Protein chains: 2
Amino acid sequence: MTAKAPDQSPRRGPGRPRHETPSAEFLERRESIIDTALEVFKQRGYDSGSLDDVAAVLGLRKASLYYYVRSKAELLYFVFDRAINRALERLETLTSADESPRQRLEALIRHQVMVVSDDPSLFTVFFDQRPHHDGEYEAEIQKKERRYLRLYAQGVTDDAEAGVLTNIDPRYAAQLVLGMTNWTYKWFDPSRDDAEALADAAVQLVLGSSDVDGD
Amino acid sequence: MTAKAPDQSPRRGPGRPRHETPSAEFLERRESIIDTALEVFKQRGYDSGSLDDVAAVLGLRKASLYYYVRSKAELLYFVFDRAINRALERLETLTSADESPRQRLEALIRHQVMVVSDDPSLFTVFFDQRPHHDGEYEAEIQKKERRYLRLYAQGVTDDAEAGVLTNIDPRYAAQLVLGMTNWTYKWFDPSRDDAEALADAAVQLVLGSSDVDGD
DNA sequence: CCTACCGATCGGTAGG
DNA sequence: CCTACCGATCGGTAGG
């Protein structure tokens, strides 16, 4: 439905290689472009942050970026994909830890608060620039995002079975918990707010119900 | 600090009149422009939604808008200010209702979930286009937003005193509760999700601790 | 409220 | 990886 350039290349995931085997230098160079793009988008947003800006930081001309990236939208996709992959890895090690359901859910909440409050403007890019993805890239992102959500839903479900949280739709509960923590990027000011205290409050708010010996 | 046009007019709040007394027709016309701008920004975002778009919907030329509005940024401010005022009114009647602390906090949560899930794309404008405000307008918005936050903080505090929520920083708790509910605009799909069920889940998640007779 | 238009920005391409 | 450039968009202004 959405207008899409009818390119002659056959079938291919978003952002696959231009060369059959990208050289190491090529990949390194592209990584640094992705780094820079993230910084530019953090500071100026996706719309206002231009490819000229990105190129300038790297001492290049805009046209040169097109050797590494096929479009601005693809560059945004690279920024996203890399970050999501890293976040998923961290989250998976976290949920596979050998702990009680309650401890695991608490860890999930704490983790998300700490990560977001550590660099709120980073999440301005991830949470607010989503609509700018081309439909092609968007699907890819959604898949990984759903995995992220499922990890939270599982955390909630385990906890519910252990009797800490009562009968709530796990998907709704997961979205609510994620919302509670993610929203942090909208208001958290590292120079004024205390991430630890906030994490405590978040855990308290959701799990405070059961057995808390508040000190 | 931020670059600002050095205009010769003396002191004046953002968005004040051009005429000493704007005529009724003038105000009406401007309201319809604000209506339209909201629709355009909802559909295309602030950056991509052009003044040409807004004018076209109204059967006008872009230049004509400048009779009613001094800049695109001011138009965004008008959109915000009107919505915030309405939201504040609703919230204030809600919190002044004669109910127990627990009922009041529950009402706050329910209200926010219902409002946001009713029209998620509306909140895409309010929550994600904030950075586009001129510094001059931003201050005005912040003031009202803080009032909004305070109403939530009060709700949490009252509840804490009644013993439902334990010792949590009221401001953090308020932000967390607001985040939990506001985040809805990022994922809620009216054709798939159930706002009532979500509201239940949200109330449950925060207040489920005390006396719930889950049916 | 309109016609006409400016100045600037920007993504992307040609062609090397 | 660069120079040069196109085509389009856009906010805003002049002047009526």
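Note that this is a predicted model, so its numbers are computed, not measured. Values below: every heavy atom of this structure, side chains too, minus hydrogens, waters and symmetry copies. In what follows, chains carry the letters A, B, and so on, assigned in the order in which the sequence lines appear, proteins first and then strands, with residues in each chain numbered from 1.
Side chain of A:E74 to backbone of A:R70: a donor-acceptor contact under 3.5 angstrom is found. Judged by distance alone, the side chain of A:D193 and the main-chain N or O of A:D189 form a donor-acceptor pair under 3.5 Å. No donor-acceptor pair closer than 3.5 Å links the side chain of B:S48 to the backbone N or O of B:G45. A donor-acceptor pair under 3.5 Å is absent between the side-chain atoms of A:D128 and the main chain of A:V125, judged by distance alone. A donor-acceptor distance shorter than 3.5 angstrom exists from the side chain of A:D169 to the backbone of A:R171, with no hydrogens or angles considered.
Nearest nucleotide to the A:Y66 side chain, out of C:dG12, D:dC1, D:dT13: C:dG12.
Rounded to an integer number of Å, the gap from CG of A:L75 to C1' of C:dG12 is 14 Å. Atom pair A:H132:NE2 and C:dC10:P shows a separation of 14 Å (rounding to whole Å applied). Distance, A:K72 NZ to C:dT13 C1': 17 Å, rounded to whole Å. Remark: P of D:dG11 and CD of B:E74 are 15 Å apart, rounded to the nearest angstrom. The separation between A:Y67 atom OH and D:dT3 atom C1' is 18 Å, rounded to whole Å.
Sorted by residue number, the members of residues 56-64 of chain A with any non-hydrogen atom under 4.0 Å from DNA chain C read A:K62, A:A63. Near DNA chain C, meaning a heavy atom under 4.0 Å away, there are no residues from residues 32-41 of chain B. At a non-hydrogen distance threshold of 4.0 Å, nothing from residues 43-53 of chain A comes into contact with DNA chain D.
Look at C:dC5: its Watson-Crick or wobble partner, with both distances under 3.5 angstrom, is D:dG12.
Using bins of under 30°, 30° to 60° and over 60° for the plane-to-plane angle, the ring pair B:F80/B:F126 lands in the perpendicular bin. Using a 30° and 60° split on the angle between ring planes, B:Y172 and A:W187 fall in the tilted class, from 30° to 60°. Using cut-offs of 30° and 60° for the angle between ring planes, the B:Y152 and B:Y148 rings count as parallel.
By the 6.0 Å contact criterion, CZ on A:R61 is open, its count of non-hydrogen atoms from other residues, nucleotides or ligands being 12 or less.
Between A:F127 and B:W183, the gap from one ring centroid to the other is short of 6.0 Å.
In terms of phosphate contacts, B:R70 brings no side-chain nitrogen or oxygen within less than 4.0 Å of OP1 or OP2 of D:dG11.
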>> Evaluate B:R82 against B:E31 for side chain to side chain contact (heavy atoms under 4.5 Å, CB included), listing each step before the verdict.
In response: CA-CA 10 Å; B:R82 204 180 61 178; B:E31 283 302 300; 2.8 Å; yes

